[in-house]
Amino acid sequence: NSGSSSDDTASEGNCGYKLAFFGALTGSAANLGVNIEQGFELAIDQYNKAKGSTCIEVAKFDSQGEASVAPGVARSLVADKKILGIVGPPFSGESEAADPIFESAGIPTITPSATRVSLASKGWKVFHRAVANDDAQGPAAAAYIKDNLKAQKVFVADDQSAYGAGLADVVKSTLGSLVVQSDKTEGDGKQADFSALVQKVSSSGATALFYGGYYTNAGIIRKQLTAAGWKGTLVGGDGMKDPGLSKASGVAAAVGTIVTCPCSPPEAAGGTFVNDYKAKWNQDAGTYSDVAFDAANIFLQGIDAGNNTPQKLNDYLKTVNYKGIANTYKFTETGELDPSLIKVWAFKFDNSGDSKADVEIKTS
Amino acid sequence: MLLEIDNVTLAYGRIQALHGISLTVGEGEVVALIGANGAGKSTTMRAISGLRPVSQGTIKFDGQDITKLRADLRVIRGVSQSPEGRGIFPGMTVRENLEMGAYTRRNRTEINEDLQRAFTLFPRLKEREKQTGGTLSGGEQQMLAVGRALMSRPKLLLLDEPSMGLAPMLIQQIFDIIVEINQQGTTVLLVEQNAQQALSRAHRAYVLETGRIVKEGTGRELLNDPAVKDAYLGVA
Amino acid sequence: MDFSGLIDNFGPLTVTGLAQGAIIALFALGYTLVYGVLRLINFAHSEVFLMGTYACLIVWGFFGLDQNSAAPSVGGMLLYLVIGLVVAIIASGVTALAVEVVAYRPLRRRNAPPLAFLITAIGASLFISELTGVLTHRNQRGVPPIIQAKPLFTIGDTTVTNLQLLIIVLALVMMFVLDRFINGSRLGRGIRAVSQNPDSAALMGVNKSRVIALVFLLGGLMAGIAAVMYDLKIGVTRYDAGFLLGIDAFAAAVLGGIGNLRGALLGGLLLGVLQNYAAGLFGSQWLHAASFVLLVVILLFRPTGLLGESLGRARA
Amino acid sequence: MSEKASFRSNGGVRGWYGRQPAWVQWIVIAIALVLAFLLPYAGDIPLIGPQIVTEGIDWPSALFNMSYYVLLALGLNVVVGYAGLLDLGYVGFFAVGAYGTALLTSPDSVLYADTGWKWLMAVPVALALTMVAGLILGWPTLRLRGDYLAIVTLGFAEIIRIFATSTTTLRGDRGFASIPHPPGTWNGEPIFGVTDAVPYFWLGLVVIILVILGVRNLDRSRVGRSWLAIREDEEAAEIMGVRTIKYKLWAFAIGAFIGGLGGVLFAGEQGFINSQTFVLQFSILVLAGVVMGGSGNMAGAILGGALISYIPDRLRGISLGDTDLYEYRFALFGLVIIIIMVLRPQGLIPSRRRAMELKDREKEVAPQ
Amino acid sequence: MLLEVDHVTLRFGGVVALNDVSFSLRKGEIFGLIGPNGAGKTTCFNAMTGVYRPTSGTIRFQGESVVGKKKHEITRGGIARTFQNVRLFPEMTALENVMVGADAHHKTSVISALFRLPRFWQEEKSGRARSLELLRFVGIAHRAGDVSRNLSYGEQRRLEIARALATNPTLLCLDEPAAGFNPAEKEELLQLIRKIRDTGVTVLLIEHDMRLVMGVTDRIVVLEFGKKIAEGTPAEVRDNPAVVAAYLGVPTDAA
Ligand SMILES: Nc1ncnc2c1ncn2[C@@H]1O[C@H](COP(=O)(O)OP(=O)(O)OP(=O)(O)O)[C@@H](O)[C@H]1O
Ligand SMILES: Nc1ncnc2c1ncn2[C@@H]1O[C@H](COP(=O)(O)OP(=O)(O)OP(=O)(O)O)[C@@H](O)[C@H]1O
Ligand SMILES: CC(C)C[C@H](N)C(=O)O
Ligand SMILES: [Mg+2]
Ligand SMILES: [Mg+2]
């Protein structure tokens, strides 16, 4: 228990607190939530191991990713006075419902993935976003389609989720006249027969389809497109960055599918993260696992520095400049990631059935 | 005895409809069951055909205990009922209704013969052959119900107020038919409000009052019984 | 509105719509059959279907087939198809019977009111689909390429694939067989009798329990076939696949006249095609809305569906 | 002999209650009410308290959730239990109430510039809107019977949801944020804040009590009789002079009103709504609640409504070995539904009428 | 004339159930409608009470056409009926069944019920009293609190009459009320019908029991195959050879 800190007593005194994960652990959106939670828990685990004791406890709160469930769960979270900080909520919708409660309780949050632009403009002092918002991701995806795929005809569709539609709108306006046609589908679990969309895409002559939505729908769409003989490329955002896509569509159909993400490749994550994660959870780190890992470490570092109330921890976040495995983090006044630190990467599905880093996309 | 009912009680929920009745029907007999509204006549019939479970007592048919037997299995043994309220299949045509009566039988030619017999007995049904049962008039439905019950060639035919809703001319006819069927070898248990007719055709009869059998005798005896006359035959 | 979206794709949308509609129709038969006899919506029928979608995947899995496999030869294709159908039919049939025994029979024994049946069916549906959800971690499961869609022939600018043709023909054949059975056979007459007047049916010698079980089983068989076709057409299944398509199937059954077999076919095909047209015209997000609007409009003019109830009673 | 005698000769708690003089009955009611208001503090009861309260979700919030579920169950009970109109899309009215409130009060709404109202001002308008929605649904469906009605109501709710998802005015998944809370301050603090759900629960409770009184008055009157007659034999009812159309529409409108109340409360508490909430499963759950509790009986509907919200919430945080039961909550819930219905087909607290009916029917099952 | 059936024809597809039938009822009489099975008697009731709409012809009640009117309007207008196949509200008590009928003329609105305004109390009380009285009148007061499903067939028929009377009809239409009654009970029914008439209600009676029909009616119309074949006093009709041939047959004991 030598500790790396020069101030052993302080860090001893800073034990007995909790950090919380708030997000979907069950329900149809659980996959993304679990990825994040596992990254978060791994960080705390390693911290506690280093300390040799369970210094900081993990508290998990399952919101099911649903806005209607979130407030009640959030209230039970804020009732726990030992909680100093929250990683989450992962989704934008539940953030809208739960963040006001965290705000009024003054508990700092770092979301590794809720990318809706407007979240930062609500005046919440506890809100921090460790990734770029949709305004950064959309143009990047568009740039990739234009510059890397060199597509002349693009079809844009989305699933009408706040996330997917927002992204698709940005892509559409950025691509301008390259967009030959567009469509909207119903959301996850509400539609399985996409034959009308497939037919429209095939007959439009588009060589690229941008789909704003989650991997569940995207997998089916990719499969049905291939079955109908369409040979173009499917492009999507972070919501599609999950091996689940190829599990549904079959690896062969998924190969070549491009997903963008305001994150860096986890395999590029510094240190031993990739292996540690695999060792602990017996599965590969997923989307935003690394960011969640970083977010947790930001809190841990803050606590180590003696910020043992939510208030202090929140103030600490204003000053933080943390170099993690996925990125370097610095927050603006509104809690956004400092623009200079924003990274968007393109990933490509390959024969392994998962997406591998392709290129970092530079917009502008 | 073809049918032996021993001390049967039956309740609808909290309402005790039969308080231990016993009756017998011999092979080849026509037995009438008369009684006021709510006496339990229809209930007795339902107990015999198996539409309602009895709470106590036994029902024996052809020497075998059928108290706990399912209704459809009783049909196979030879019990057939034309129920109160007619119970025709409203969405089936008249012909299909009649054919349903022969559901347990396989011999097509025999079935067809019987079908023709039903049409001869009730020419009206022949006219309405293709009309759905639900659109028949009340009396037509009654004819259909009786005709259908005959279609299974039962050993024991249970008729619950077969004359109900029939025009006077047909009432006469239906009792003639009953006698005819009986002469062809079918045993009949008959519930009737038209006690005059029923008693004069029946070999034997029972009088039911509030779930109990209060009298039994030959048709003649009861016809001339002053109490019966007073209560069920009306002042003529 | 996007008229060109509809007109340019009219032919293909019609064909895929018919294929989807055929699946819906097969699925809908289960609702119609059970409704015809018991006068209640078998809410758990969606899970009867769901079990079919998984059963064939599992058995194909035994042959080492998964979503990443290469397409089998023609002989293999036929073999796998038949095996898949048989297994799905068994799974769906068994599920249907299980639902009948667990959720319905005890209530029938107690002469329970109709709403009670509806709710136990909902309970059974919830139980099966949620359990499937938990066991599969709510993940999708991809379907192996048993039948590689290949264009068979072309009419105008519309190509019809082997799969589409198979689905449509299979649905028509099954419909025909079922229709003959219900309207032509003795057991079929028993079914109709129980549906119209259970007491009288018993008085005719019809074994009600057997008829009811039979009806569930028949519905299950059809759902099993629908499930395999669904797998092949959609390419993916998931714990909520039954619920999702179940709503369409229920709507189709009602549209055609619930309790009416031919109505289910008509309703299914109509719904499938209409959904595709609506998706072409207004955008895919309106596909279900369009089908419900159609349903409401048609029921306004024909309160008992397009073909009316035929298994059921005509006049109370 | 008389009507009373045969209806009241019931055993059990209900029989006991029925036999008490009026003042005893009032005291019982008063005690029950006080206890209901004290529910948020149930956790403080030694021993059993911790068993009752929820773990993964804040207990007062769980209570509030129960309160709007109870409201929905009460409203649906009018439609299904009293008038016998099978409504599978009841969530539609809940949605209309919530969206009505959001449109009038949320800064995200296109109407905000013109209205920008407080919650309380929006309530009457939103409720009027739901009643209109009830009539709009009711009118075309009047001629439909039984299960045809069921699918149309289901479709109606789906259409509402799809509209909410797909039209820009209703903002779909983006939803409406910053919906104001109910008014009032206490010691300078707003009564209805974000972190404490107790006041919301109390508000819900007050609304529930008012609804109970209103529905009870309707039930025990010509209106209730007409509903019952329609349920039993619609044509005969009409031939006996019952204006079936009018009473069916009233059933829809009243049901919609109560559902709308639920929606209004929900919006006021959450502060944020989007189209994800108003899914079909929700309607089906509420229906299950009503029937499980005892359709046609308010006490039953209340219990059923509370249970469908409480059971899943209570299953949070309970683990069996390594598995968190919460994941299985709906599967377990499905089992619970089957078990309850098989054991008590008439519902947990049936109306006397239904209880008798079932008892009678049970004895009439033919040999099988 | 209280009720005028004027050249009414009613077809169901190929079946002509009523064929140019005309007759009329005077206020205060007991009028019989008889004829063989399937002659169109029930259909005639259904046309009068708005269940079916005549293919052609009109039906006027108190000078006003009832064709196309809603069923409940016709009932409030003063025509009440019973059904050939009893149609009560099975799960409601006998008393409640009758109260539904009594409600036909009540004015309690949803609002007054909701807030228990004075009208509610007043109508509820008078409606209940009147319903109980009607149950006594038809002789089943002792079953007021039983659900109607549990009554025997005969009791159900009486209850139907009480329910119909509760709507305060000017004209009461009874469709085979004596079906399932034994002669003694029929005698009671006969008295009951007279009693009803004596309260000022006109009665239209369909019945196959000739003793009852001949004993109680003032005038009779005979239908056969949807056509009117005779009209007149009971005595006239009884001796009409067409009626004897088509309907009565060789007089037996009962007739
Ligand atoms: N389905 C039923 N549910 C409850 N009680 C019933 C039912 N059917 C009959 N009863 C009751 O059982 C008793 C006997 O009725 P049942 O129908 O057997 O009489 P019945 O002799 O056939 O009379 P009727 O001449 O009127 O047909 C009556 O008191 C009646 O109220
Ligand atoms: N909806 C219908 N469709 C076809 N035919 C019908 C319909 N309703 C009645 N009918 C026919 O019209 C004729 C008259 O029927 P109605 O019920 O009026 O006879 P009724 O005089 O009352 O006879 P009953 O004395 O037997 O009750 C019958 O032959 C019947 O089959
Ligand atoms: C996990 C992510 C796909 C979530 C998404 N970016 C959102 O804002 O909702
Ligand atoms: Mg009887
Ligand atoms: Mg008639």
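In what follows, chains carry the letters A, B, and so on, assigned in the order in which the sequence lines appear, proteins first and then strands, with residues in each chain numbered from 1.
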Worksheet entry | Residue C:F301 versus chain D: region with a heavy atom under 4.5 Å | backbone

Fill in: Best-contacting candidate, C:P106, C:A116, C:A253, against chain D by heavy atom pairs under 4.5 angstrom
C:A116

Discussion item. A side-chain contact here means heavy atoms from C-beta on lying under 4.5 Å apart; do D:I162 and C:H288 qualify?
Written reply: yes

Worksheet item: Does the side chain of D:F330 come within less than 4.5 Å of C:V134's, by heavy atoms?
Response: no

Worksheet entry | salt bridge (Lys or Arg N to Asp or Glu O under 4.0 Å) contacts touching residues 245-264 of chain C (sequence neighbours left out) | C:D179-C:R262

Discussion item. Is any side-chain heavy atom of C:V254 closer than 4.5 Å to one of D:V152?
Written reply: no

Discussion item. For a quick test of reading the model, state the closest non-hydrogen atom pair linking C:L107 to D:V342 and the distance between them.
Written reply: CD2-CA, 4.0 Å

Worksheet item: Which residue out of D:L335, D:L287, D:V336 racks up the most heavy-atom pairs below 4.5 Å with chain C?
Response: D:L335

Fill in: Note, C:F292 side chain near D:L154 side chain (heavy atom, < 4.5 Å)
yes

Fill in: Per-residue contacts, residues 273-280 of chain C versus chain D, heavy atoms under 4.5 Å
none

Worksheet entry | 4.5 Å side-chain heavy-atom contact, D:I284 and C:F43 | yes

Worksheet item: Which bit of C:L255 comes within less than 4.5 Å of chain D, counting heavy atoms only: side chain, backbone, both or neither?
Response: neither

Worksheet, complete the sentence: Turns out that what part of D:I160 lies under 4.5 Å from chain C's heavy atoms comes down to neither

Fill in: Largest heavy-atom contact set with chain D, pairs under 4.5 Å, which of C:L131, C:L40, C:V296
C:L131

Response to the item:
C:I41 and D:A150 have their tightest heavy-atom pair at CD1-CB, 4.3 Å

Worksheet item: Quick one: CE on D:M292 to OG1 on C:T120, what's the gap to the nearest 0.5 Å?
Response: 12.0 Å

Fill in: Structural part of C:L295 lying under 4.5 Å from a heavy atom of chain D
side chain

Worksheet, complete the sentence: Nearest heavy-atom contact between C:L299 and D:L144 is O-CD2, 3.7 Å

Worksheet item: Which region of D:R344, side chain (C-beta onward) or backbone (N, CA, C, O), has a non-hydrogen atom less than 4.5 Å from a non-hydrogen atom of chain C, or is it both or neither?
Response: backbone

Worksheet item: Do the side chains of D:Q281 and C:F243 get nearer than 4.5 Å, heavy atoms only?
Response: yes

Worksheet item: C:R138 and D:E327: which non-hydrogen atoms are nearest, and at how many Å?
Response: NH2-O, 4.0 Å

Item to complete: With a 4.5 Å cut-off on heavy-atom pairs, point out which of D:I339, D:V291, D:I159, D:I337 contacts chain C the most.
Response: D:V291

Discussion item. Side chains of C:F127 and D:Y328, heavy atoms from C-beta outward: is any pair under 4.5 Å?
Written reply: no

Discussion item. Quick check on the interface: out of C:A103, C:P303, C:A121, C:A251, who has the most heavy-atom pairs with chain D under 4.5 Å?
Written reply: C:P303

Worksheet item: Is chain D contacted by the side chain of C:F117, its backbone, both, or neither, given a heavy-atom distance below 4.5 Å?
Response: neither

Discussion item. Heavy-atom cut-off 4.5 Å, strictly under: side chain, backbone, both or neither for D:S166 against chain C?
Written reply: both

Worksheet item: Taking all non-hydrogen atoms of both residues, which atom of C:G305 and which atom of D:Y148 are closest, and how far apart?
Response: N-CE2, 3.9 Å

Worksheet entry | Main-chain N/O of D:L343 paired with C:R110 side-chain donor or acceptor, under 3.5 Å | yes

Response to the item:
Greatest number of non-hydrogen atom pairs under 4.5 angstrom with chain D, of C:I247, C:V102, C:L118, C:L115, falls to C:L115

Discussion item. Ignoring hydrogens, what is the shortest heavy-atom contact between D:A331 and C:E130? Give both atom names and the distance.
Written reply: N-CB, 3.5 Å

Worksheet entry | Over 12 foreign heavy atoms within 6.0 Å of OH, D:Y310 | yes

